[in-house]
Amino acid sequence: MLTIADVSKSYGTRELFSDVSLFIARTDRLGLIGPNGAGKSTLFGLILGEEKPDTGTIEWERGADFGYLPQESAPAGEETILHIATSGKQLEPTEDNYDIDYTLEPRARKILAGLGFKEGDADKLANSFSGGWVMRAHLARLLVAEPALLLLDEPTNHLDLEALLWFQDYLTRYPGGLVVISHDRAFLNALCTGMLELRAGTLHYYHGNYDNFLVEKEARKAQQAAAFKNQQREIAHLQTFVNRFGAKASMASRAKSKEKQIERLKEVAVEEPTEELRKMNFKFPQPPRSGLKVVELEHVRQAYGDHVVYQDLNFIAERGQRIVLIGPNGAGKSTLLKILADVIPIQGGSRELGSNVVPGYFAQNRLDNLNPDATVFENVMELRTNENQLTEQQARAILGAFLFRKDDVHKPVSVLSGGEKTRLALARILVRPPNLLLMDEPTTHLDIQSIDALVMALKNYEGTLIFISHDVHFIRSLAENVLHVHSGRLTPYAGNYDYYLEKSKLSDARAAITAGFTDGRPTQKAEAKKSAPVASGPAKAKPGANEIRKFREHVGVLEKKVVELEAKQSEITSALEAPETYADKGKFQHLNRELSAMTDLITAATEEWEKAVDKLSEMEQA
């Protein structure tokens, strides 16, 4: 469908990429990844014809059409949301035109609903919505049009988790091809059959999804390092011969031959593997130690007009805790974080900070943390106090750790990208390190390398952390306690995210972030059973000891099956991690398919075993 051959692109003296070649088929689902500034959006611009390559060609198959979603859209005009979603096509017949696609409007309304628009929103003017909602309307336009190839640049940035999960599911059934720029690991894992990494001016292709990419990349790196080491050893061996015998007349011809051999080896030499240069690298300065009680809310009431978010809310956080807030959209997670940060005044009750507590708030809207009228450098220097005595050199060092270098520090905040605003907001935290860090969606707009850097910094942070995130990897890496927020109630889980999944009986780790149950803890379920009214009719017969024993054996068989499948999965994973696997493309593809099938089998077997365990528990308690 699309052929890119030997394409190069530079801006002045900066070469973005050279000799890039790629073939995209109609069934491909490709993720395009790489550090910010690597040239991913520029590559899209070349494919779209908005920019011209310095060298090389880009050819479309005749009749192939494409749909493109940029990171940001133009300001909305006087058209309605439905008008955008249907590409402005005629929806009602006229005297001049009766050729109407009557399926267009219902399809558009259905897709708009899936993307989070409420009933009636479709007929409202687009300029009455925020930029994020206008982007959703343009995303609906692409899905309604169904082009042969979708080119999506960070499509998940403007979606809440519920809309994202709907969109992800929709794309799994999409009839065309897909190339998506995304920093969302779970999204890439669910959709992609291949990964394209743009790094150091070269486009690298990997089979499978993002997790497969990580494995294969490490294997390639190990292979490259081994090949480099072997070649350098061979060159050194030959050079030793030349140095020793080059001056002897009887050995001159052989030494000359060795020199030519060295030159040939150097011409085809494998480069030494290098780390990506532009990677965020920082540590949070360790804050002053607080008292054991960090923050406490008592009998708090909070409402927006007639909508009561919290009534008689009580909460306490202690030193060193790492708590993630989860729950449905609109449940009040961000409101709770703002109450804890004292960003909004509470309408009733009390908020009390513990001894020596210094709170720091990282807002979901990054501009809430920044001075929009100042430059990057000024945003850091304005935090200078008599206590920290921040110097210009120290400010530049902090900004350099967040990839603001040289003239970048003089950029106005108004021209920064979403990722740059996030990095600048993080940089400001380093100037005044809090010991109570409250973060609302801190990974939004960050590339994957930057998310990993943030995870590492927060792992070493010794203060108290309370955060909201829709990134399962981020939550699993950091959360030691889970607080479920729903219907004005807080349900604590004294364990990490996997503990929460186990206790709440939720299997989809991503969907569980916005699950809307009131309380899934076993103890509360048991209490509910005690107070439930007894159903009328004959009592169910209590199972006998022999029946329980046989069913317990059945549970054991199911558990053994899960263990055996997991052992096979481990064997396949080990084979995939071996560098020699990638010398045989067919072997890698076979193992990858086998791993995917094994994962599905384990999921099904585990669900069957868990149901059996629940039933056995009921039988034993009857």
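Source: prediction; values computed, not measured.
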Heavy atoms, side chains only, cut-off 4.5 Å: are [X] and [Y] in contact?
{"X": "Leu69", "Y": "Met135", "result": "yes"}
{"X": "Leu151", "Y": "Ile181", "result": "no"}
{"X": "Asn371", "Y": "Asn379", "result": "yes"}
{"X": "Leu32", "Y": "Asp153", "result": "no"}
{"X": "Met1", "Y": "Asp28", "result": "no"}
{"X": "Phe44", "Y": "Glu50", "result": "no"}
{"X": "Trp133", "Y": "Asp121", "result": "no"}
{"X": "Leu150", "Y": "Leu171", "result": "yes"}

Donor-acceptor contact present, side-chain [X] to main-chain [Y], <3.5 Å:
{"X": "Lys283", "Y": "Met456", "answer": "no"}
{"X": "Ser182", "Y": "Asp184", "answer": "yes"}
{"X": "Asn189", "Y": "Asp211", "answer": "yes"}
{"X": "Asp169", "Y": "Leu165", "answer": "no"}
{"X": "Arg29", "Y": "Leu178", "answer": "no"}
{"X": "Asp65", "Y": "Ala148", "answer": "yes"}
{"X": "Lys40", "Y": "Gly34", "answer": "yes"}
{"X": "Arg136", "Y": "Phe117", "answer": "no"}
{"X": "Thr422", "Y": "Thr444", "answer": "yes"}
{"X": "His183", "Y": "Leu446", "answer": "yes"}

### Identified side chain to side chain contact (heavy atoms under 4.5 Å, CB included) partner of Val376 from the options Leu416, Val415, Leu370
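One option only clears the test, and that one is Leu416.
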### Query
Can a salt bridge be assigned to the pair Arg423 and Asp408 using a cut-off of 4.0 Å between side-chain N and carboxylate O?
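The answer is no: the pair does not qualify as a salt bridge.
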### Distance (rounded to the nearest 0.5 Å) between Leu188 CG and Met195 CE
4.5 Å
### Task
Report the distance from atom CD1 of Ile111 to atom CZ of Arg141, rounding to the nearest 0.5 Å.
12.0 Å
### Task
Quick one: sort the Phe187 and Phe167 rings into parallel, tilted or perpendicular, breaks at 30° and 60°.
parallel
### Message
Over 60° means perpendicular and under 30° means parallel, so tell me whether Tyr205 and His207 are parallel, tilted or perpendicular.
### Response
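Geometry flag for His207 against Tyr205: perpendicular rings.
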Show me the donor-acceptor pairs within less than 3.5 Å that the side chains of residues 15-24 make with the rest of the protein, sequence neighbours left out.
unit_1: Ser21; atom_1: OG; unit_2: Asp6; atom_2: N; d: 2.9
unit_1: Ser21; atom_1: OG; unit_2: Asp6; atom_2: OD1; d: 3.4

### ring pair (Phe, Tyr, Trp, His ring centres under 6.0 Å) partners of Phe213, counting only residues at least two apart
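For Phe213 the ring pair (Phe, Tyr, Trp, His ring centres under 6.0 Å) partners, ignoring immediate neighbours, are Tyr206, Tyr210.
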